[in-house]
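To start, the structure itself, in structure tokens.
Numbered from 1 within each chain, the chains take letters A, B, ... in sequence-line order.
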6 protein chains.
Amino acid sequence: MRSSDRAADALRTVRLTRHYTRHAEGSVLVEFGDTKVICTASVEETVPPFLKGKGQGWVTAEYGMLPRSTGSRMRREAASGKQSGRTQEIQRLIGRSLRAVIDLDKLGERQVLIDCDVIQADGGTRTASITGAYVALADAIAKLLADGKLAASPLRDQVAAVSVGIVAGVPLLDLDYVEDSGCETDMNVVMTGAGHFVEVQGTAEGAPFSRAEMNSLLALAEQGIGELLALQRAALAG
Amino acid sequence: MRSSDRAADALRTVRLTRHYTRHAEGSVLVEFGDTKVICTASVEETVPPFLKGKGQGWVTAEYGMLPRSTGSRMRREAASGKQSGRTQEIQRLIGRSLRAVIDLDKLGERQVLIDCDVIQADGGTRTASITGAYVALADAIAKLLADGKLAASPLRDQVAAVSVGIVAGVPLLDLDYVEDSGCETDMNVVMTGAGHFVEVQGTAEGAPFSRAEMNSLLALAEQGIGELLALQRAALAG
Amino acid sequence: MRSSDRAADALRTVRLTRHYTRHAEGSVLVEFGDTKVICTASVEETVPPFLKGKGQGWVTAEYGMLPRSTGSRMRREAASGKQSGRTQEIQRLIGRSLRAVIDLDKLGERQVLIDCDVIQADGGTRTASITGAYVALADAIAKLLADGKLAASPLRDQVAAVSVGIVAGVPLLDLDYVEDSGCETDMNVVMTGAGHFVEVQGTAEGAPFSRAEMNSLLALAEQGIGELLALQRAALAG
Amino acid sequence: MRSSDRAADALRTVRLTRHYTRHAEGSVLVEFGDTKVICTASVEETVPPFLKGKGQGWVTAEYGMLPRSTGSRMRREAASGKQSGRTQEIQRLIGRSLRAVIDLDKLGERQVLIDCDVIQADGGTRTASITGAYVALADAIAKLLADGKLAASPLRDQVAAVSVGIVAGVPLLDLDYVEDSGCETDMNVVMTGAGHFVEVQGTAEGAPFSRAEMNSLLALAEQGIGELLALQRAALAG
Amino acid sequence: MRSSDRAADALRTVRLTRHYTRHAEGSVLVEFGDTKVICTASVEETVPPFLKGKGQGWVTAEYGMLPRSTGSRMRREAASGKQSGRTQEIQRLIGRSLRAVIDLDKLGERQVLIDCDVIQADGGTRTASITGAYVALADAIAKLLADGKLAASPLRDQVAAVSVGIVAGVPLLDLDYVEDSGCETDMNVVMTGAGHFVEVQGTAEGAPFSRAEMNSLLALAEQGIGELLALQRAALAG
Amino acid sequence: MRSSDRAADALRTVRLTRHYTRHAEGSVLVEFGDTKVICTASVEETVPPFLKGKGQGWVTAEYGMLPRSTGSRMRREAASGKQSGRTQEIQRLIGRSLRAVIDLDKLGERQVLIDCDVIQADGGTRTASITGAYVALADAIAKLLADGKLAASPLRDQVAAVSVGIVAGVPLLDLDYVEDSGCETDMNVVMTGAGHFVEVQGTAEGAPFSRAEMNSLLALAEQGIGELLALQRAALAG
């Protein structure tokens, strides 16, 4: 049995709190159970050097964890002077996921910088970040429309993400930290509102996995992401 | 008139929320109006190399700001690869302030690492950090006592801090960001429960200041810190 | 039509040249068409700090590209002072892939460091690296056995990898650089000799992809990796 | 009794040697007893990026210590790859102190870079640096006037600094290293020629300090800085 | 007797393989016995900032060793975050040596970046690098001429280099790693086709050396470089 | 004619001031005309990790320039976060030169750290550094002997250095900055008291140089170093 009597195919309680901090154009606190991430979207009227003068925008992301968001304190990356490989992997994944649902030409020559900062971690921080960052991005785009800086929304679709994995032979949706630490296979799945894949990253932590196992994990992810997409729509309508 | 009809000698609304995140031995959200800082205290059963084998403990602090805690996004220090001079100044100040009220011999050969992370900034983040960090430290010490790892508390006194400054010729208590940006003199004051000074850092941002002005600022700070000390006691009693 | 009249499900010419340089315990030049990577396996009778005294070994990998292995010169990472996010992602993937097929307890308290250095790039450098690195690792293990430092091989299985992708709607095996640059979906697949997955990393570069497309890519990858595993066995028997 | 039979309110022997090295526009060796600092002022006809095109100048400072300026050798900051928090605090203090007495609009779009390098340390290096740097700055401004690059001096006042502290209960002026190491309270005070404060930084190293103690320290500092201002005038008249 | 029955004044077998990799404008594998270095010349239609707008070109070099090019694995410089002093010395030497034989005005406002990457080391990597890099540079210049980007060659002469040293009292040409490790004096000599010196770097590793010893080493170097210059001409004619 | 009517084979005025600063075991101000370098020798009762437990000592050197020791201000290396290639070359040269005249076994398991800091530069800073550092080292060794920590001196010989070069076709001894900037060939020579070479580093800055030119430069250097050795002996006898 999972903690809190959760069923194998049940998400944790997911909350999306908009306007969480006051300065950013989009600011969302996303919670997947005890995992809590502040996602902000900041609009800047400039683009990175490689896009200068191309009439096209950019969306990029950065990710961080507060040192004591975890069970034992991690070293502060600003103090150690560099971001870990894990951090870079995650922020590249968040950025790619969001760029998959936005028309960068329609965004115009400006960029949206997404910051995902984990204030409490209990597994699934990268997929929670993507799910929350989409809402922050949508709020920032809404502000650009409201301010008359954009005539039409460059967003083509929604995007959300969830982790799935096999623990003691059982496929589970939305792993918490304890489950994630003991799983044989761990998979992060990112999908659009239209039900297509943006990213699939499966890793055998213990024994390698079969096609059949992969299929059952993808089915769980599809179901869970469907629920997350509905929660995003509800939050944005709220 | 100050924003929100605040009197010259009035603090903003100050809140101290204990147990804000779940992993740290002490975890406090401190709010001074719109300034919000998560302060955690992490206990580690080890000391820095320069204290190894001396039978004495250590308290140190780190400080950071989420990139979009401010009106325009700041570069993430973990991404730029180093902490700014301002960040280092602030975290050294927080560490010294807390060490002033703890008996490091009684703490034993362990350290308490304080992390102050600003999630929303509106002036006075360093003094809010000190005020909140004391409460997080007190909770961490209480846990060491409850766990039987300490027989007596090494805390000798409380410590709290506030900023004061002269704006348009008027001495003001607890400056917000707009006031801080326009002030002629800015002073950060750290005091103990016994009413003594731990740190006084006064800086002429505009015109140099006189002894008389300094005296009026110190009087304001003494009054404000008195109120903050009472709020700390109330929070810890809660 | 693909360059060189290659069929959609055909690998490029793959060569595995053992004993390519003379110092390393294992040293392999792996070629996938014009992609050429030197893979060395270095045995060190020590382990990283987090494994000290646990009686267990470690396998880790580093990856690099010569500055002019590519069409336009890339900045040397040693000169810029840090490894890119892409480099870190790749070397973490190589390390995880190899650890999936080795029994670290049987390896004993020593580590094997894998270095994959691309001397000429034409797409698929990370999957070529994994495929070549396995052979270098097998040679290093054989040397430990021959030297009497190990009584039994800790290798549990083979591991190989290939990239697959959808270009202009057609699933293709083993993309070269031109194909990789223009593909809609890109997937790197790592499998064991037993036919199970170690890693699946699929990314929508253009339009998001469907389950059906994913299935056809995985089928192509399984076939290609089967051929690579046979080439590894032939090389090691040679 | 203090070393050298110095009275509690006596400065050490202070010397200001102008034109100490030949390349800089201003170059001063400042000695406070055995503390010796080379202060140079370098004029550059450019400003930092944040001031470009604003018709305004800038004054900034850097600080360093020769590795063996101290009793035991310190690690060279250029070799360790970063400046310590202490170094950054000091150079920010020097820069702010000098900017307090110069009209940056009148300076025009150019900057003066102050370098304070300690060749022998015996306490009070930061306050000696400020006192010497003012003279170097005045020489650099005089050269700009002599060269016809400035029509009127942008200097509005003098600035000098001294440390004061409480040792064994006694307030002392201008602490040497031994006194500084043993003091209960340490205060650095920066004042203008007009007798106003630019910076007051008081720190309880041991027991927290009272308002009365603070007042006696400020009085000592006022007296000492008065003498230093006279020495600066004499040096510049020389 | 030297390994391989080599005479004191004999070079190791030297091979210069042009067009070794396919992307670079010049790409040469140079082998001095078991020392193997890939030298590429990359043409970029830009110059470093200090040469912008001066109508003059630049040639510069970078040097690296694969981590396991040596007997025991060296730490990867990209991973440690900086290039060693030795690496920087060598790449500065290679750059100066090549600039000595090229007319930078005639090269026009473009630069040639030389990369020398050691894939297997057995002594003399820096002199092999210079000898091979000249051929790569000549190929890159030939391509600029063939493409009509240059009307006349800016190359004024050839340049080649060799190491010489005194081992057990005997002057030897072209030291391998074992000889180099045990030598009393080590000298690297760089000469032009016209028989003049570009660089002479002699170092007493053991006992200081006399003028007579120096003369005998220079004579050996002149002879060896004469042979290397002939091998370069043969390679370029091939 | 050279500046100051100096003959082609004349040194500038050379001064060696011992006990220049008070903390270091050896502290010398060396002046070659307007080039002024503070050389300190610091004794530490420890050795670098690679020598631990071998019963042998070490001598190493670090080099730096004050930012405004030169005609135009250089960026402070501590602020830029790394030492330049030139700095590293120079400090490696100083260290090798001093180790050539000391018996590291006799020094015992301790190290002498040499710091050479240029406070004013006018050409020849590296050779002045070596010449001055030898005197500082000799003073530090004398202190170890006086303190009874060494029974016999590990110094085997003196060492000194000078630059020579060809300017407008004329070989000159001890180049100042203007001569060094315009020279065709630049050579730094390090020799022992016994008249043997420790280092010879000749570089063609303009046209490559002949054997004859090299011979005349070496002769000049031998003569100049002879004078420097005598000045060292006089200083140490003083």
Side-chain angles (χ1 to χ4, degrees), chain C residues 19-29 31 33-46 60-84 86-88 91 111-122 136 140 177, chain E residues 19-29 31 33-46 60-84 86-88 91 111-122 136 140 177:
Chain C
H19 313 305
Y20 186 67
T21 55
R22 82 173 200 199
H23 296 298
E25 284 71 35
S27 174
V28 170
L29 176 72
E31 300 171 83
D34 272 347
T35 288
K36 303 183 183 194
V37 186
I38 300 176
C39 305
T40 59
S42 298
V43 178
E44 294 188 357
E45 295 295 321
T46 180
T60 189
E62 290 187 355
Y63 169 93
M65 299 182 86
L66 297 201
R68 196 56 195 282
S69 59
T70 45
S72 59
R73 187 179 180 274
M74 295 182 311
R75 194 161 175 213
R76 185 179 290 265
E77 290 188 332
S80 65
K82 64 175 187 172
Q83 295 179 300
S84 70
R86 177 187 173 275
T87 291
Q88 291 190 63
Q91 59 195 17
Q111 69 182 325
V112 185
L113 295 125
I114 303 294
D115 287 288
C116 297
D117 285 275
V118 178
I119 63 175
Q120 190 173 277
D122 187 33
Y177 177 73
Chain E
H19 313 305
Y20 186 67
T21 54
R22 82 171 199 199
H23 296 298
E25 285 71 36
S27 174
V28 170
L29 175 73
E31 299 171 84
D34 273 347
T35 288
K36 302 183 185 196
V37 187
I38 300 177
C39 305
T40 58
S42 300
V43 177
E44 295 187 357
E45 295 295 322
T46 180
T60 188
E62 290 188 354
Y63 169 95
M65 300 182 84
L66 297 201
R68 197 55 196 281
S69 59
T70 46
S72 58
R73 186 179 180 275
M74 295 182 310
R75 194 161 175 212
R76 185 179 291 266
E77 290 188 332
S80 65
K82 63 175 188 173
Q83 295 179 299
S84 70
R86 177 186 173 274
T87 291
Q88 291 190 62
Q91 61 195 14
Q111 70 182 325
V112 186
L113 295 126
I114 303 293
D115 287 288
C116 296
D117 284 275
V118 178
I119 62 175
Q120 189 173 279
D122 188 32
Y177 177 74

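- Looking at C:T40, the atoms closer than 4.5 Å to chain E (heavy atoms on both sides) all sit in the side chain, from C-beta outward.
- Interface remark: C:I119 contributes backbone and side-chain atoms alike to the contact with chain E (heavy atom separation under 4.5 Å).
- With respect to C:E77 and E:R76, no salt bridge is recorded, no charged nitrogen being found less than 4.0 Å from a carboxylate O.
- For the options E:S80, E:G71, E:S72, heavy-atom pairs under 4.5 Å to chain C are most numerous at E:G71.
- Heavy atoms closer than 4.5 Å to chain C are found nowhere in E:T87, neither backbone nor side chain.
- Using a 4.5 Å cut-off between heavy atoms, C:T70 contacts chain E through its backbone alone, with no side-chain atom that close.
- Put simply, the side chain of C:E62 never gets that close to the backbone of E:A79: no donor and acceptor are under 3.5 Å apart.
- Contact of C:Q88 with chain E is not made at all, since no heavy-atom distance falls under 4.5 Å.
- In this structure, E:H23 contributes its side chain and C:R73 its backbone to no donor-acceptor pair below 3.5 Å.
- Using modelled atom types, no side-chain atom of C:R68 and backbone atom of E:D115 make a donor-acceptor pair closer than 3.5 Å.
- For the pair E:L66/C:L66, a side-chain contact is recorded, criterion being any heavy-atom separation below 4.5 Å from C-beta on.
- With a threshold of 4.5 angstrom between heavy atoms, C:S27 does not approach chain E through any atom at all.
- Using a 4.5 Å cut-off on side-chain heavy atoms (C-beta onward), E:P67 and C:L113 make no contact.
- Residue C:T21 holds its OG1 atom at 8.5 Å from NZ of E:K36, rounded to the nearest 0.5 Å.
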